[in-house]
Amino acid sequence: MIYLDNCATTKPDKEVVEVMMKALTDDFANPSSLHSFGLKVEKEIDIARKSAADLIGANADEIYFTSGGTESNNIAVHGAILKNKRMGKKIITSKIEHASIYDQFKHYRDLGYDVCYLDVDEFGRVDIDKFKRELNDDTILVSLIYVHNELGTINNVKEIFGIVKSKNKNILCHVDGVQAVGKIPVNVRDLGCDTLSFSSHKIYGPKGMGALYKKRDLNIESLVIGGGQEKGLRSGTENVPGILGFGKACELTNRDLEKRLVHAKEIKKYLLERLDKNLDDYKINTPENSTNFIIS
């Protein structure tokens, strides 16, 4: 059997599993506890947070651990809309977003918000000119997928967000980076986004873990109110094995990214050559400007 569904989920790395097992058996204390056991675990979480931040060019205090990309997207979108609701009612996104974005905006459309679902070309790219025509003084949020999970298309979010911020720096820009992190180099400073979501199980980490990058000077409301964990943005006792496993996955991804990118390119080339040699009637939908990890 050959597994070819890594966009859906990846097999956890052996080092990730080892870290998680240690967390389950040895580092099991509650990191909110004031005793030495809890303080030790809290320090381990700090290391994981820095590893996640380093992977995307952020500061450690800008990383918030969540249950996955879906929750990260929900926190970012919900928080942005609440923050800017007095500015206007327009939200801009695309027609090929992940359900955790697309369905959220259907909900807000039902609440009276003007949601623009931008058309894309045959490769899933947003038309910049159409975007410019939709951007107006009523716009409060722009949310776009960075790498499309089925086509592998890389959207030029940097250019789009540059247009947004030149129009009004208070318009918030969110990136669904779940399929981008680990598949292409990602740097939040370079992108110019306010928030970005990414997920553990897409980069050989455990399921049920993710993170949200939130720009340091941006204040948004939480979806979960409780014990004040994650600086109040995501309350609830921390999933220590998941966080430490995710942190290790981020560390390994950051360390080996260039090697992984080269390997993916070689595998993609080999696959395309074999398809061309053995099949006559087929079509590749993935464009040239895409990640080498996805072929459709």
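Bear in mind the structure is a predicted one, so any value in this text is a computation, not a measurement. For this chain, numbers begin at 1 and follow the sequence in order.
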Do we see a donor-acceptor contact under 3.5 Å between the side chains of [X] and [Y]?
{"X": "His174", "Y": "Asn73", "value": "yes"}
{"X": "Thr10", "Y": "Lys207", "value": "no"}
{"X": "Thr66", "Y": "Ser72", "value": "yes"}

_Quick one, Ser51 and Asn254 - any side-chain contact, counting heavy atoms below 4.5 Å?_
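They are not in contact (no side-chain heavy atoms under 4.5 Å apart), so the answer is no.
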*Can the ring centroids of Phe28 and Phe37 be said to lie less than 6.0 angstrom from one another?*
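Centroid separation for Phe28 and Phe37: 6.0 Å or greater.
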*Does the ring center of Phe198 lie less than 6.0 Å from the ring center of Phe246?*
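Aromatic pair counts; centres sit under 6.0 Å.
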_I'd like to know if Ile81 and Ile92 are part of one continuous hydrophobic network [Ile/Leu/Val/Met/Phe/Trp/Tyr, side-chain heavy atoms within less than 4.5 Å]._
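Yes: a chain of side-chain contacts under 4.5 Å links Ile92 to Ile81.
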*Are any of the side-chain nitrogens in Lys50 or Asp54 under 4.0 Å away from the carboxylate oxygens of its partner?*
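Answer for the salt bridge query: yes.
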_Do the side chains of Lys40 and Asp27 get close enough for a salt bridge, i.e. N-O under 4.0 angstrom?_
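The answer is yes: the pair qualifies as a salt bridge.
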*Among Lys83, Lys214, Lys165, find the one that has a salt bridge (charged side-chain N to carboxylate O under 4.0 Å, His left out) with Asp194.*
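Passing option: Lys165.
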*Name the one of Glu42, Glu44, Glu230 that satisfies salt bridge (charged side-chain N to carboxylate O under 4.0 Å, His left out) with Arg49?*
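Only one option passes, and that is Glu230.
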*Say you draw a straight line from CG of Asp176 to NE2 of His148; how long is it, rounded to the nearest 0.5 Å?*
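These two atoms lie 10.0 Å from each other.
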*Who else is in the cluster with Leu24 when I, L, V, M, F, W and Y are joined by side-chain contacts under 4.5 Å?*
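The other cluster members (ILVMFWY side chains, heavy atoms under 4.5 Å, direct or chained) are Val17, Met21.
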*Members besides Leu4 in its Ile/Leu/Val/Met/Phe/Trp/Tyr cluster (side-chain heavy atoms under 4.5 Å)*: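 Grouped by the 4.5 Å side-chain rule, Ile2 form the rest of the cluster around Leu4.
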*Check step by step if side chain to side chain donor-acceptor pair (under 3.5 Å) holds for Arg260 and Thr253.*
CA-CA 8 Å; Arg260 293 182 186 184; Thr253 300; 3.0 Å; yes
